[in-house]
Amino acid sequence: MHLEPVMMKIEEVILESNLARSFIFKTCSERSESKSLEYQPGQFIMLWIPRLDEKPFSISYHGKDFFGVTVALKGRFTQRLHEMKVGEWVGIRGPFGTAFNLNVGKACVVGGGVGMASLAVLIERLEDSVVVQGARTASELLYRNRFKDMLLCTEDGSAGTKGVPTDLLEDLYRHYRFDAIYTCGPEAMMVKVSEFAREYNICMQASLERYIKCAVGVCGQCCCNGLRLCVEGPVLDGGTLEKLEDFGRYARRGNGRRVPIGTYLGKKT
Amino acid sequence: MHLEPVMMKIEEVILESNLARSFIFKTCSERSESKSLEYQPGQFIMLWIPRLDEKPFSISYHGKDFFGVTVALKGRFTQRLHEMKVGEWVGIRGPFGTAFNLNVGKACVVGGGVGMASLAVLIERLEDSVVVQGARTASELLYRNRFKDMLLCTEDGSAGTKGVPTDLLEDLYRHYRFDAIYTCGPEAMMVKVSEFAREYNICMQASLERYIKCAVGVCGQCCCNGLRLCVEGPVLDGGTLEKLEDFGRYARRGNGRRVPIGTYLGKKT
Amino acid sequence: MADRFASLTTRVDLSTELCGVRLQNPTVLASGILGTSKGLLKGVALAGAGAVTIKSLSLEPLPGHNNPIVVGFEAGMLNAVGYANPGIKEGAKEFSNLKEVGVPVIASIIGRGVGDFMKVLEGLWGLDFAAVEVSLSCPHTPGYGMLAGQNTPEATKEIVSVVRKGTELPLLVKLSPNIPEIGRVARAAEEAGADGITAVNTLGPGMLINIEARQPILDFKVGGVSGPALRPIALRCVYDIYKSVKIPILGVGGISTGRHAIEMLMAGASAVGIGTAVYSRGIEVFGKVCQEMEEWMEINGCTSVKELIGAAHAP
Amino acid sequence: MADRFASLTTRVDLSTELCGVRLQNPTVLASGILGTSKGLLKGVALAGAGAVTIKSLSLEPLPGHNNPIVVGFEAGMLNAVGYANPGIKEGAKEFSNLKEVGVPVIASIIGRGVGDFMKVLEGLWGLDFAAVEVSLSCPHTPGYGMLAGQNTPEATKEIVSVVRKGTELPLLVKLSPNIPEIGRVARAAEEAGADGITAVNTLGPGMLINIEARQPILDFKVGGVSGPALRPIALRCVYDIYKSVKIPILGVGGISTGRHAIEMLMAGASAVGIGTAVYSRGIEVFGKVCQEMEEWMEINGCTSVKELIGAAHAP
Ligand SMILES: Cc1cc2nc3c(=O)[nH]c(=O)nc-3n(C[C@H](O)[C@H](O)[C@H](O)COP(=O)(O)OP(=O)(O)OC[C@H]3O[C@@H](n4cnc5c(N)ncnc54)[C@H](O)[C@@H]3O)c2cc1C
Ligand SMILES: Cc1cc2nc3c(=O)[nH]c(=O)nc-3n(C[C@H](O)[C@H](O)[C@H](O)COP(=O)(O)OP(=O)(O)OC[C@H]3O[C@@H](n4cnc5c(N)ncnc54)[C@H](O)[C@@H]3O)c2cc1C
Ligand SMILES: Cc1cc2nc3c(=O)[nH]c(=O)nc-3n(C[C@H](O)[C@H](O)[C@H](O)COP(=O)(O)O)c2cc1C
Ligand SMILES: Cc1cc2nc3c(=O)[nH]c(=O)nc-3n(C[C@H](O)[C@H](O)[C@H](O)COP(=O)(O)O)c2cc1C
Ligand code: FES
Ligand code: FES
């Protein structure tokens with residue numbers, strides 16, 4: 001029953017955008033306990049800052065001897081993380097949760113905001129895909145150098161198409177005839193993606209966000225109706241989402257209170 | 001850390017002598033937890049009668065799907081065991097302790113009294129051996145049908161040679177020129193055997209008896225100077241015995257008191 | 001699952017009764033594990049539990065402690081969830097129409113004092129709970145349980161005798177394993193009108209330190225011990241309580257196999273709670289434990305769970 | 001062994017001090033494990049222990065409980081040895097010329113009351129013990145420890161203040177983990193003149209039942225829990241005691257690796273006792289734990305054990 005954080009050293013900090021930084025860790029460092037990380041795209045880890053808190057983040061970089069997370073500035077925890085420098089230590093446990101199913105032909109990946117973080121390694125592993133990223137404004141776009149072919153849209157039109165990624169879906173489908181859609185981003189966007197997928201009968205998978213505590217399926221905090229987001233999620237397929245009452249509607253705060261999803265975001269308890 | 005008794009059914013009771021009975025257990029029975037017993041000749045098990053006590057006994061029968069112990073009547077525990085019938089249950093844990101080293105050429109096996117029990121399976125496994133058993137009187141001899149070639153001696157001359165087995169050692173050696181001696185029986189007899197072996201420079205191994213409690217090397221009860229009889233013993237080689245001050249001299253009662261070996265036998269605490 | 005239902009047609013009867021509540025089998029989801037939503041309770045019922053307990057509800061919402069709230073070690077788990085819950089008002093919304101769950105649902109409630117308890121009980125009125133469990137034993141939430149001294153015989157008697165008047169449902173009182181004379185606490189609860197005892201809550205508290213961080217791992221520093229480490233302590237508690245009271249016992253602590261469940265029944269429990277094993281064996285643990293119990297009972301010629309209850313006390 | 005001595009030449013200093021007694025390394029054989037003969041103590045010293053404790057001695061011989069006196073489970077061990085020992089007179093014979101052991105030897109003593117303790121102390125006069133450990137905390141021997149109420153703050157104070165006068169050796173008081181406010185008990189011992197605290201004795205007691213036999217496995221039915229299950233409880237106790245007293249702590253409970261030992265030091269211990277791990281890792285556990293500590297300290301740039309003591313309390 002091993003479920004302890006392992007302290008790891010920040011090896012590199014990447015300024016990804018106005019809001020987001022990536023933190024890179026080495027998995028073969030002498031001192032680290034976890035000699036390598038068994039990870040599949042879509043899974044997340046818990047990142048611990050001793051005497052502050054421990055929060056979930058998707059793995060956004062992954063190689064034989066390193067991995068990384070991309071963190072958007074939100075509140076107390078992400079603020080402190082953003083202040084951390086190369087050589088400082090944080091605790092890692094995981095990875096946890098379900099992964100994206102990679103056995104598809106042509107794929108379309110739709111990311112919004114920092115949701116791109118959970119899609120990044122997936123994109124690297126997919127053989128044939130078209131990627132579209134949406135953000136509020138150009139300075140918040142992620143990984144522009146990492147994925148050169150990525151289509152972009154911004155709400156203010158400062159880069160790429162003006163609008164949201166879902167506006168492009170029909171055109172893209174006519175053009176690429178993809179077999180599957182992967183998505184992560186604001187839940188309203190993911191609802192639209194799933195409606196589109198249902199209409200066109202395309203398989204789809206989405207990575208959801210809910211308030212995570214234990215990450216191992218015991219505390220019940222992350223539940224979405226009868227599912228635990230940390231075990232049965234965060235990646236769910238279209239069929240499951242269709243039956244999931246809470247999807248796009250409700251989320252639970254840290255005390256377990258179920259609130260409309262609009263009022264969930266940005267509130268702590 | 002599994003160290004619990006497993007309840008097993010007595011499948012057969014063999015009346016071995018006036019004083020001793022054997023109890024046979026099946027190791028592949030559906031109900032038993034221990035599907036087979038990993039055992040080497042010389043090792044012992046702990047036999048538990050719930051709400052009475054738990055005591056050490058050598059394994060005296062061993063096959064692919066069964067094993068057995070031979071128990072001499074001594075006191076409260078062995079009395080109750082002797083009253084038990086086929087179909088009744090006892091608890092078994094083990095086997096524990098060291099085993100006889102079987103890599104020898106010609107062997108001589110010297111057993112006294114119920115010490116024969118710990119030598120019986122050894123005898124079956126040795127390729128080339130001469131066996132001599134001593135007892136007080138004919139009716140106390142063990143395994144006469146099991147080992148047809150066995151040499152016998154009794155103190156009262158009621159069977160075999162009159163005397164003790166060690167009287168025969170010189171003759172036997174001249175005749176068989178064995179490379180090793182194995183012995184188990186009264187400690188005074190084993191002391192003589194070890195002296196003989198030293199004189200003739202023959203390797204020798206003896207199985208000792210000390211008061212056993214935990215059988216797993218933690219309680220310190222069974223210690224013989226710096227050795228734990230339940231872990232470093234019960235089988236010890238001649239070289240070790242030579243340096244063992246207590247051998248033939250002292251034993252510890254159930255409360256740990258070190259007493260001359262003569263006063264140890266037959267006293268409980 | 002298929003297996004499990006198939007075997008229900010055999011001659012082994014797994015059903016049992018806990019303070020008048022009939023259970024199809026003796027496995028019960030322990031409080032605080034997964035019991036946050038009706039949906040999760042349904043899932044656990046489908047996985048084979050005989051009954052389920054909700055995560056403890058307090059009068060007002062509680063945020064709980066910061067993360068990490070759980071940490072594992074080689075012999076079990078520590079938790080310091082700190083009773084995070086949305087409070088009784090929200091809880092009552094969540095747990096409406098409990099018939100849908102398919103098995104009896106036990107309400108777990110906590111309070112800083114009898115006033116709290118009575119108001120929480122009021123909040124449960126009209127809901128379909130089969131019983132109420134009053135938890136007096138959490139070792140890691142200031143103001144509640146052990147940290148409010150609710151686990152002594154005196155406090156137990158005082159609280160239970162009032163709370164008793166607040167509900168007509170069967171009343172279980174959940175005790176802490178940290179009090180050596182647990183039989184006395186159980187007797188105090190019985191005398192005050194409890195219909196059953198839930199034994200036990202988590203042990204300790206305990207602590208684990210990350211030596212690289214040079215810090216306790218749990219943000220609250222200490223947490224209650226559950227899982228394998230707790231098992232022999234829970235068994236001894238149930239054994240002692242069985243000798244001390246006549247009311248039935250829900251035995252909880254470290255159970256993860258059919259053998260463990262039978263052991264707990266033999267110590268004196270009428271049903272067994274399962275918590276941490278949801279982590280080690282998955283939600284399927286309920287069905288698996290039932291199947292393992294059935295197998296053992298068949299081999300050992302046992303036809304009913306009732307034969308097992310208290311069997312280790314035979315003279 | 002060769003490895004161990006080789007590494008002593010590196011820059012890591014494992015030595016520590018426990019109430020004025022210098023130890024080459026912080027590992028100490030816990031009382032009741034193997035401490036029955038001088039020969040065994042020598043063996044443990046050779047295996048790398050920094051100090052050793054004898055099995056507790058009482059005034060009169062004690063037969064102990066019937067077998068089984070130990071039983072293992074998935075998370076540790078229960079024991080109900082029942083303080084089997086030959087009494088102080090025989091003990092004094094056994095433990096003469098202790099210099100031969102090669103490392104400091106701690107006498108562990110028990111008594112039904114202060115009278116017993118004083119006479120046992122008298123029996124130790126003239127022997128080469130480095131310190132005396134007074135055990136007030138056994139959970140399974142009628143007349144002694146917990147079963148005689150010796151583990152409360154009041155009883156501890158009373159016993160220790162008398163016993164203090166009976167010896168000039170450094171005096172350690174061994175406490176039970178079963179009292180949640182262990183810090184108070186430690187303070188009572190300190191105020192009464194103790195030079196150090198040994199924390200902790202076994203937990204519980206607990207029980208295990210063999211379901212085929214339908215009986216508790218230990219003949220005494222219940223026994224103290226040691227090994228992995230005890231580890232987080234022991235750590236919390238040491239952490240609490242470190243905050244409550246100024247005298248040094250010998251931390252005991254579930255330690256079986258170098259990481260565990262370091263964790264215990266960080267919680268506040270000046271040295272660590274090892275008992276049950278002698279079963280799981282063999283007598284070699286002392287040398288192995290030292291080697292693992294050294295390796296960790298080298299990698300983490302730690303040159304001395306003293307830097308680790310209490311490190312988890314940093315503000
Ligand atoms: C599976 C999963 C993967 C995630 N991956 C990423 C990622 O790759 N990059 C990234 O920047 N963010 C990710 N997040 C969100 C991230 O966990 C939160 O942004 C972070 O916890 C905010 O903490 P804070 O103290 O800075 O903000 P707070 O002020 O505490 O909270 C701001 C908002 O963050 C969310 N949040 C806070 N605590 C948690 C929690 N324990 N669990 C889930 N959400 C929480 C809530 O929506 C809250 O309203 C992920 C969340 C989940 C569930
Ligand atoms: C390794 C080993 C193997 C043994 N193998 C056999 C065997 O195959 N057959 C056999 O008949 N006997 C064997 N014995 C001896 C057997 O354990 C005792 O005869 C038995 O425990 C007596 O119990 P009791 O209650 O009947 O007698 P008691 O009246 O209790 O004691 C009689 C004598 O038996 C010995 N004894 C009692 N308890 C123990 C104990 N816990 N451990 C060791 N000795 C004890 C003492 O010498 C004591 O004086 C073995 C002993 C050991 C140590
Ligand atoms: C994560 C977690 C949360 C818990 N929350 C509660 C709770 O809210 N109320 C309660 O009475 N017990 C709570 N408990 C205690 C369990 O109900 C149970 O008594 C204990 O864990 C022992 O059982 P186990 O070993 O099967 O887990 C919690 C236990 C865990 C592990
Ligand atoms: C078999 C056994 C015998 C023990 N006997 C004693 C004893 O005589 N006196 C004592 O103070 N503690 C005794 N203890 C307690 C240990 O000294 C120690 O405090 C406890 O086992 C916790 O440490 P561990 O987990 O490393 O075993 C005994 C423990 C065991 C397992
Ligand atoms: S976060 Fe605890 S169950 Fe998912
Ligand atoms: S019998 Fe306990 S150490 Fe050998």
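Lettering follows sequence order; numbering is per chain, from 1. These numbers come from the heavy atoms of this one structure, side chains and all, not from hydrogens, waters or symmetry mates.
Contact count against chain A (heavy-atom pairs under 4.5 Å) is highest for C:L40 among C:L40, C:V71, C:V70, C:I33. Of the listed residues (A:M46, A:Q221, A:R258, A:R228), the greatest number of heavy-atom pairs within a distance under 4.5 Å of chain C belongs to A:R228.
Nearest heavy atom pair, residue C:L62 against residue A:N255, reads O-CB, 3.1 Å. The shortest non-hydrogen separation linking C:T36 to A:R252 is O-NH1, 3.7 Å. Pairing each heavy atom of C:I217 with each of A:E4, the nearest pair is CD1-OE1, 3.8 Å. Nearest heavy-atom pair, C:N66 versus A:L52, reported as atom, atom and distance to 0.1 Å: ND2-O, 3.3 Å. Here the closest heavy-atom approach between residue C:P216 and residue A:W48 is recorded as O-CZ2, 3.7 Å. Minimum interatomic distance between C:A84 and A:G254 (heavy atoms only, all atoms of both residues): CB-O, 3.8 Å.
Note: A:N225 CG to C:K42 NZ = 8.5 Å, rounded to the nearest 0.5 Å. Note that CZ of C:F73 and CG of A:L3 are 11.0 Å apart. Values are rounded to the nearest 0.5 Å.
Using a 4.5 Å heavy-atom cut-off against chain A, the contacting residues of residues 88-112 of chain C are C:E90, C:E94.
The local environment of NZ in C:K38 is crowded, with over 12 non-hydrogen atoms from other residues, nucleotides or ligands closer than 6.0 Å. Within a 6.0 Å sphere centred on OH of A:Y250, heavy atoms belonging to other residues, nucleotides or ligands number 12 at most. Residue A:E245 qualifies as open at atom CD: its count of foreign heavy atoms under 6.0 Å is 12 or below.
For C:I69, the part lying near chain A is the side chain, with the backbone staying farther off; criterion is any non-hydrogen pair under 4.5 Å.
Here the rule is side chain to side chain contact (heavy atoms under 4.5 Å, CB included) with A:P50, and of C:Q215, C:R214, C:E212 only C:Q215 fits it.
The ring-ring contact (aromatic ring centres under 6.0 Å, His included) search around A:H62 returns A:Y39, not counting sequence neighbours. Residues forming a salt bridge (charged side-chain N to carboxylate O under 4.0 Å, His left out) with A:D237 (at least two apart in sequence, or on another chain): none.
Of the possible polar contacts, none joining the C:N67 side chain to the A:C214 backbone as a donor-acceptor pair under 3.5 Å is found.
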Mind listing the side-chain donor-acceptor pairs of residues 75-83 of chain C below 3.5 Å, one per line with the distance, residues two or more places apart or on another chain?
residue : atom : partner : partner atom : Å
C:N79   : OD1  : C:V81   : N            : 3.2
C:N79   : OD1  : C:H140  : NE2          : 3.1
C:Y83   : OH   : C:S135  : OG           : 3.2

